[in-house]
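Here the structure is laid out as structure tokens; the discussion comes afterwards.
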Amino acid sequence: MSELLNFNYPPEPAVDRVTLFADVILPLPLPKLYTYRIPFEMNDEVLVGVRVIVQFGAKRVLSCIVAEIHEQAPADYQAKYILDVLDDTPIVTVPQLKLFKWIADYYMCTLGEVINAALPSALKLSSESRIQLHPHFNPEEDDIPLAAQEVKIIYALQQNQAMTFTDIGNLLQVKSYHKYIKSLIQKEAIIIYEQVSDKFSPKVVKKIRLSEHFVQEEGMLEELFEQLTPRPKQLDILLNYLQKVPVHQDVNLNYKGIEKSALTNNPHLSKSSIDSLIKKGVLEQFDQIISRFPVDDSPRQLPMNLSEHQLQAKDEILGLFKEKDTVLLHGVTGSGKTEVYIDLIKHALEGGGQVLYLLPEIALTAQIVTRLMKVFGEKLGVYHSKFSDNERAEVWQGVLSGRFQVVVGVRSAVFLPFHNLSLIIVDEEHEASYKQYDPAPRYNARETALMMAHLQGAKTLLGSATPSIETYYNCKTDRWGLVTMLKRFGEAQLPDVELVNTREEQQRKTMHSHFSSKLLDGIEARLKRQEQVILFQNRRGYAPFISCDECSWIPKCRNCAVSLSYHKFSGELRCHYCGYHERMPSDCPACGATTLKSMGFGTEKIEDDLKLMLPSAEVQRMDLDTTKKKNSYQQIIADFENGKTNVLVGTQMVTKGLDFENVSLVGILNADSIIHFPDFRAHERAFQLFVQVSGRAGRKGKPGTVIIQTRDPMQAIFRKVKSVDYEALYAHEIEERMRFSYPPFVRMIKVTVKHADERTSENAAIVLAKDLTDRLGKQQVLGPEIPYIFRIRNLFLNEIHIKLPRENVNLRTAKGQIAMAIQQLYLMPDFKGIRVVADVDPM
DNA sequence: AGCACGCCGACT
DNA sequence: GTCGGCGTGCTC
């Protein structure tokens, strides 16, 4: 038949029903994808990126993400059918799937682990076994002998329709309730089924509006008034509604209606009369999905004016973006980087793209969110780890739908379903907290952001006052662009850094507990002048350990190779690695002496000592222990901001992003513990930390003072801190990194071998290291060595460090070799129960 | 990750 | 004799 003739016929019905298969990512740590068959009727609904429900194994029903659709029937097994499709449109985008694949490859984990970390659990479905009465079972009539416990279960099921196993367990209050369930199944009194439920529930409000014909047709309202005259209450409601929604002015207002509660909270208007109006068909009730995030309706801030320096920085950045994908904005604390970011975000939005603004957790404060809200209003999504799961799911949906054009978020915000990114900002890019340490995926959000930008053709702006050596190296070698802002905003001066030799003060006996006389005098002087003080101590708790004066006994964790920290407030000894805790003993369990003394010091002791020495001071502590509750962090900040507290003692938390105008002194209690940390990044971190803390001192005209307590003020790093000489630090560090082969000259992978038995762990690590050496070469493999903390959660640790040269090594091949070596180890009968974890680019 | 199948100790 | 402990292995 010629094509011309065909032209007159309607299109053929789809007789050729294609058999399609879907490869899905299960939210489990499994190395590969699983292939399911798509039922014909779902051919159009199953798309890459939607969630589908499948049966996995004999019982389990799981929701998973479709990664690929094809016609290739599996050769060696019968594919099961997909049971259901959950989404009309994909909830994971194609560029996202590419990114997840990259994360799994690069960080040596499974796609399932990435999906698990990425999806808010409200979007993950859970299957729970449910128990209900057997449909043919009638407890009143059927005469089946039942045990007393079984009767109890049947009775409860009559009340509840369906129960879970845990419900039954709670009901019977015995451990071995399974046998009763089993027995009841046998007696055909109950059945078990799987239920998958969507946990995400949008927040809705009940709203009401007038039924349409009353507003659409002339004269209907007048008629209604007459009708309702004998019903004064109902008339009242109608009048009230019309007052709030002036339909006569604009008919369209009716469509939006008003919240039902807006009428019922008036004592004269009762819910029942509203309901009867609904019944009559005068009003109609409808649900509206509303945002869990309060929308800031306050007028948009006037366009802010960038300072000359900020404007210049912005222009430079935009200029560099023309040739380079990544630019570092090196701006000292207080140089006003945030305004530059905001301006760039606006610029990107005008171009129609999405923007992701990443911040470390401690820097994502209410202050910054409020500020961004003022500028971007409803377009801004916030993604914070303290948010509830529903809130996170809502941001996810909002990014998908395009409601949120800008997202400000923490590390995990890199997982959001962007599909049209044009700019990513990674503020405080040097922060170690961008790296997830445990569990997998052990990803670095900065690197992940760079890859995402690459995949979506977006630009990345990294920002820091103290860039990481790796980042700066990339700028120095011209891979990335560099823009500097080294002037403090408003000509604020650099703080004056004073070093105090605590060794000398100790000899002169002028130390008061852990305070040098200089620091203590400094604090007192500020208090007199009504100024505020921040004290930094990089250790929480009261004391890192306690010791008996008589017999030198030191309490240790029973699960980890660490001493227990003393937390005075709770009267406990705590392990900071596994959370084990016990009551602080009153006398020594070893010798019975009552001479237990705390050794060293943490934030809690600083707070305590200070309260004793300066009773008039209002001291507040800010660390992991005081900020666990949802709003406690905000409260502490607020109290300090409005002057309720004069001295803030804290860990890392006090170093980030907080701008207090009245702080004129910052004290660093024990600089040495930070400088002498056994790690190749110790100096870099110490510099970053000291400079960041110092940045809290003196703003807006008041030059601040920083007092650093150390046993050796001659250490070179202090000169660099004093003059905030980043270049000097970089020059020194990069030289060391080159000489001793550390990043950025090599890529590092830390392989940790864990086992409950010390010898097994050690032997396995030796065998693994040998295998790795054979595969990768002698130069590349270091160790195994026993880490400083050699036992955590009852597992003995051994570490192997792998250094892969940047050039001439195929990273992918090398990782494949490492994965194979680990697989090989797992197969050895001697090492049953061994756990091996690979951490790529460890921090 | 779960859950099933499978092989050895303390109880109805 | 059974219930039940958790070791190993598989899940499209």
Side-chain angles (χ1 to χ4, degrees), chain A residues 19-39 42 46 48 50-85 104 108-119 121 124-131 145 147-150 164-166 169 172 174-186 192-196 438-442 754-757 760 764 793-795 822-837:
Chain A
T19 305
L20 294 176
F21 295 89
D23 294 347
V24 302
I25 307 170
L26 291 156
L28 302 172
L30 297 169
K32 29 174 208 170
L33 300 182
Y34 282 74
T35 305
Y36 284 83
R37 185 166 164 179
I38 302 174
M42 293 182 200
V46 178
V48 169
V50 299
R51 290 173 302 162
V52 293
I53 293 175
V54 297
Q55 190 176 67
F56 185 64
K59 273 193 88 180
R60 285 210 287 171
V61 177
L62 297 167
S63 76
C64 50
I65 302 285
V66 175
E68 214 163 316
I69 295 171
H70 56 83
E71 293 179 34
Q72 196 64 51
D76 42 357
Y77 57 88
Q78 192 69 38
K80 284 183 181 167
Y81 279 100
I82 284 175
L83 302 178
D84 211 346
V85 187
M108 300 181 74
C109 65
T110 69
L111 262 178
E113 285 168 323
V114 181
I115 284 285
N116 245 344
L119 289 187
S121 45
K124 289 181 242 165
L125 296 178
S126 67
S127 91
E128 268 192 301
S129 294
R130 297 265 177 157
I131 297 155
Q149 297 281 43
E150 294 175 6
T164 65
F165 278 73
T166 23
L172 299 184
V174 288
K175 242 172 136 184
S176 55
Y177 54 87
H178 282 98
K179 56 184 171 194
Y180 302 114
I181 295 173
K182 211 168 159 183
S183 152
L184 284 169
I185 294 168
Q186 239 161 32
I192 292 181
Y193 66 101
E194 295 295 316
Q195 187 186 317
V196 180
D438 212 38
R442 296 179 175 78
K754 311 179 184 184
H755 197 277
D757 179 67
T760 312
R793 294 172 196 270
N794 277 325
L795 294 175
I822 294 171
Q823 275 313 308
Q824 218 49 50
L825 189 75
Y826 282 153
L827 294 176
M828 295 181 195
D830 288 358
F831 303 133
K832 288 230 160 78
I834 207 91
R835 300 272 307 116
V836 183
V837 168

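Here is the naming used below: chain letters follow the sequence lines, and residue numbers restart at 1 for every chain.
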With sequence neighbours excluded, tell me which residues meet side-chain hydrogen bond (donor to acceptor under 3.5 Å, both in side chains) with A:Asp757.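 A:Asp757: side-chain hydrogen bond (donor to acceptor under 3.5 Å, both in side chains) contacts with A:Thr760.
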Expected rows: protein N/O vs nucleotides 8-12 of chain C N/O, under 3.5 Å:
unit_1, atom_1, unit_2, atom_2, d
C:dT11, O3', A:Gly57, N, 3.1
C:dC12, OP1, A:Tyr36, OH, 3.2
C:dC12, OP1, A:Gly57, N, 3.4
C:dC12, OP2, A:Lys80, NZ, 2.5
C:dC12, O3', A:Thr35, O, 3.0
C:dC12, O3', A:Lys80, N, 2.7
C:dC12, O2, A:Thr35, N, 2.9
C:dC12, O2, A:Tyr77, OH, 2.3
C:dC12, N3, A:Tyr77, OH, 3.3
C:dC12, N4, A:Lys32, NZ, 3.0

Which residues share a side-chain contact (heavy atoms from CB on, under 4.5 Å) with A:Gln78, sequence neighbours left out: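 Partners of A:Gln78 by the side-chain contact (heavy atoms from CB on, under 4.5 Å) criterion come out as none, since no residue qualifies.
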For the student: nearest non-hydrogen atoms of A:Thr110 and A:Ala104, plus distance: C-CB, 3.9 Å
So, A:Phe56 versus A:Tyr34, ring centres under 6.0 angstrom or not?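 So the answer is yes for these two rings.
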Flag side-chain contact, heavy atom, 4.5 Å: A:Val61 against A:Val54: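 No, side chains not in contact.
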